[in-house]
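Here is the structure we will look at, set down as structure tokens.
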Amino acid sequence: MDLEEEIAKPTVDEMSVRPNLDNYQEMTATFEWEDMYSELDWLPGGGLNKAYECIDRHAEGPKRNKPALIWEGKNGEQETYTFQELRRETNKVANALNEIGIKKGDRVFLFLERIPELYFSFFGILKIGAIAGPLFSAFGPDPVRDRLEDAGAVALLTSPDLRERVATIIDDLPALKHVIVINKDGRHENPPMGSKDVSYETIVGAASDEFTIENTTMYDYSVMHYTSGTTGKPKGAVHRHLAIVQQYATGKWVLDLQEDDLYWCTADPGWVTGTSYGMFAPWSNGVTQLIDESGFSASRWYEMIQRHKVTVWYTAPTAVRMLMKAGEDIPARYDLSSLRHINSVGEPLNPEAVVWGQGVFGQPIHDNWWQTETGAILIANYAWMPVRPGSMGRPIPGIRVGILDDEYNELPPGQDGHLAIRSGWPSQFHSYWQAPERYNSRFLKGWYITGDKARQDEDGYFWFMGRADDVINTAGHLVGPFEVESALIEHPAVAEAGVIGKPDPIAMEVVKAFVALKEGYEVTDELRRDLNRFARTKLSSAVAPREIEFVDSLPKTRSGKIMRRLLKARELGLPEGDISTLEDD
Ligand code: ATP
Ligand code: MG
């Protein structure tokens with residue numbers, strides 16, 4: 001097909017139906033996922049491969065010279081890659097991986113900073129039909145070893161500095177045959193070379209930039225993601241190439257991605273948001289995205305939005321709370337008017353944060369809900385729908401969400417219960433790596449049991465209560481920690497709050513809150529009294545915290561989630577359990 005013919009073909013945007021205020025009800029009633037299949041290109045051999053949908057199909061069409069990736073390095077470097085350039089770079093990696101003997105189905109892990117080569121490698125792995133396993137670059141040796149061991153990884157792509165950090169574990173891993181060391185721009189003068197090591201620059205530099213993508217089927221495995229570890233030991237959720245269907249659809253429906261967007265997802269690929277929405281959703285939609293190697297900084301983030309004219313932004317409640325903590329003077333110094341649509345995921349978004357967003361950005365932040373296991377967004381506040389602050393929103397077309405009682409029967413609206421999804425959505429995980437019992441235990445009576453508790457209102461909006469394990473039973477009342485935390489952070493001095501149930505001989509449990517203050521506030525008896533009063537007026541006396549403890553910060557996972565189980569273990573002097581994903585202070 002020549003270029004002219006290609007241009008005459010309707011763009012995906014013209015073909016696509018998006019839910020909106022008028023058609024949402026009808027679309028949720030009639031939509032079938034197969035309706036979406038024709039918006040993907042599929043492989044010439046009839047298979048499905050995420051790398052083809054995200055890169056090659058654009059590199060072969062009118063978007064070939066459109067920037068796919070705009071990168072800002074931690075030393076101020078700037079690099080831009082078009083879809084065509086991404087195709088060549090990922091082809092080279094695919095050839096290099098094949099050359100050293102890596103093959104379809106092998107687990108290949110990435111332990112890298114957010115550099116362009118991470119993205120080239122990730123899609124190179126997918127092109128040969130291997131399974132990509134991304135890791136947080138801040139991990140120490142133990143979390144890296146545990147995951148590589150569990151997955152039986154055959155290769156690790158890493159940088160010289162990170163290679164040194166985990167040097168002690170490399171020889172402990174018999175299945176690991178190759179350590180591919182990426183020395184970006186010669187950042188490291190003298191990269192160490194162990195017996196399993198090869199230089200990325202050498203093998204990729206020598207490789208051809210032409211490659212025929214492995215004819216993977218939609219059922220073949222593509223990505224393996226360890227969960228955040230908020231409630232316990234992280235589990236290796238495995239996803240199929242088919243997930244791209246829903247990642248593509250939700251990029252359009254929920255993130256509202258459009259042709260000329262400049263999209264920024266602030267999540268690291270070590271967390272599922274950084275792959276499903278920091279790779280698959282934007283690129284399958286052919287949208288340009290910004291990748292920032294550095295971590296959080298309030299003023300730099302606002303500056304990035306201003307300078308790159310970011311239009312769609314996907315972030316997390318923990319980042320929003322950090323921006324709130326830094327105050328409103330900083331954003332007032334920047335022009336943030338390019339922003340059209342802001343989204344958040346990972347934890348409940350406190351109503352206070354929605355209100356704050358309205359003040360600072362002139363628009364609400366849109367909360368949405370999903371999990372590592374679900375692979376893509378399932379419940380959302382949409383751009384076209386009035387946001388109900390504190391609600392996760394409504395289901396996307398093509399899935400069914402239920403609230404179940406303890407026997408896993410569906411409850412009517414208005415009642416608290418287990419949040420569950422009717423099994424069979426495209427981005428559904430397909431196993432926990434080598435843990436079939438654990439996987440099977442999540443499916444009951446045709447439902448996938450999410451482990452969260454929630455309620456549905458009469459209008460079909462879902463409201464998060466808490467993790468099933470975190471819900472507190474005090475004097476016969478069931479209390480969701482989210483409700484208490486959201487009330488506390490409405491107090492002007494409070495930056496964040498974590499709430500647990502503390503065993504009590506009379507009430508069974510009492511509500512205890514851990515509170516971190518905003519900059520400029522100090523713990524005084526007066527503040528303590530004021531906060532207690534504030535909580536009692538906001539919440540009923542049964543729900544208001546019996547105890548409030550002030551802390552400098554709350555323990556969080558690397559994906560930014562408050563680890564209530566750790567607050568509780570520490571409070572009760574119990575073992576801390578798996579803390580491999582605990583963020584450093
Ligand atoms: P682990 O399963 O290892 O304990 P995790 O559940 O935190 O870790 P993720 O898959 O990253 O791992 O997170 C999914 C969970 O995050 C959800 O089950 C829910 O508890 C929480 N979550 C995500 N988005 C939202 C949201 N919008 N509102 C409330 N909770 C959310
Ligand atoms: Mg979970």
Side-chain angles (χ1 to χ4, degrees), residues 134 136 143 146-147 150 223-239 250 254 267-277 314-320 343-351 353-354 365-381 387-396 401 418-421 427-429 432-433 435 438-439 441-442 448-455 461-471 480-483 485-486 555-566 577-583:
F136 278 107
D146 291 351
R147 285 161 183 72
D150 183 61
V223 179
M224 174 166 182
H225 250 297
Y226 283 85
T227 58
S228 292
T230 315
T231 53
K233 191 169 160 40
K235 307 157 278 257
V238 190
H239 290 279
T250 49
V254 181
D268 187 86
W271 179 33
V272 69
T273 307
T275 56
S276 292
Y277 294 96
Y314 199 10
T315 190
T318 185
V320 175
N343 306 274
S344 160
V345 71
E347 282 187 301
L349 185 67
N350 314 90
V354 180
I365 301 171
H366 295 73
D367 188 20
N368 54 64
W369 179 95
W370 59 292
Q371 305 180 309
T372 309
E373 291 88 341
T374 74
I377 298 168
L378 294 182
I379 303 176
N381 286 281
V387 167
R388 292 195 179 174
S391 160
M392 312 189 278
R394 294 156 89 184
I396 61 163
V401 181
H418 300 278
L419 179 71
I421 318 294
S427 63
Q428 183 173 323
F429 71 133
Y432 284 131
W433 189 257
R438 183 158 209 180
Y439 174 79
S441 73
R442 302 291 295 260
Y448 163 68
I449 313 299
T450 67
D452 289 343
K453 290 202 133 180
R455 158 183 350 124
Y461 286 73
F462 284 83
W463 299 78
F464 182 80
M465 276 185 79
R467 313 271 186 156
D469 301 346
D470 290 338
V471 172
F482 173 49
E483 183 189 356
E485 291 163 8
S486 288
K556 293 193 203 71
T557 64
R558 295 212 176 272
S559 46
K561 297 156 190 261
I562 297 169
M563 290 171 97
R564 292 178 194 79
R565 69 168 161 101
L566 205 53
D578 186 293
I579 50 164
S580 63
T581 60
L582 179 66
E583 191 185 58

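Order of appearance sets the numbers: ligands from 1, and atoms from 1 within every ligand. Positions are given from 1 along the sequence.
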Minimum heavy-atom distance Thr273-Tyr314, with the two atoms named: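 Shortest heavy-atom separation between Thr273 and Tyr314 comes out as CG2-CE2, 4.0 Å.
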Side chain, backbone, both or neither: which applies to [X] and ligand 1 if a contact is any heavy-atom pair less than 4.0 Å apart?
{"X": "Asn368", "value": "backbone"}
{"X": "Trp369", "value": "both"}
{"X": "Lys235", "value": "side chain"}
{"X": "Thr230", "value": "both"}

message: Cation-pi check for Phe136 against Arg558: NZ or CZ below 6.0 Å from the six-membered ring centre and within 45 degrees of the axis, yes or no?
response: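 Geometry flag: not set, cation outside 6.0 Å or 45°.
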query: With Ala435, which residues qualify under side-chain contact (heavy atoms from CB on, under 4.5 Å), at least two apart?
result: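 For Ala435 the side-chain contact (heavy atoms from CB on, under 4.5 Å) partners, ignoring immediate neighbours, are Tyr432, Arg438.
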Side chain to side chain donor-acceptor pair (under 3.5 Å) partners for Glu483, two or more places apart: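 Expected list: none.
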Among the heavy atoms of [X], does any lie under 4.0 Å from an atom of ligand 1?
{"X": "Gly229", "result": "yes"}
{"X": "Phe482", "result": "no"}
{"X": "Trp370", "result": "yes"}

- prompt: Among protein heavy atoms, which sits nearest to atom 19 (C) of ligand 1, and what does the distance come to when rounded to 0.1 Å?
  reply: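 For this ligand atom, the closest protein heavy atom is Asp452 OD2, 2.9 Å.
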- prompt: What residue and atom, counting heavy atoms only, is the protein's closest point to atom 21 (C) of ligand 1, and at what distance?
  reply: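 Protein heavy atom with the smallest distance to atom 21 (C) of ligand 1: Gly346 O, 3.4 Å.
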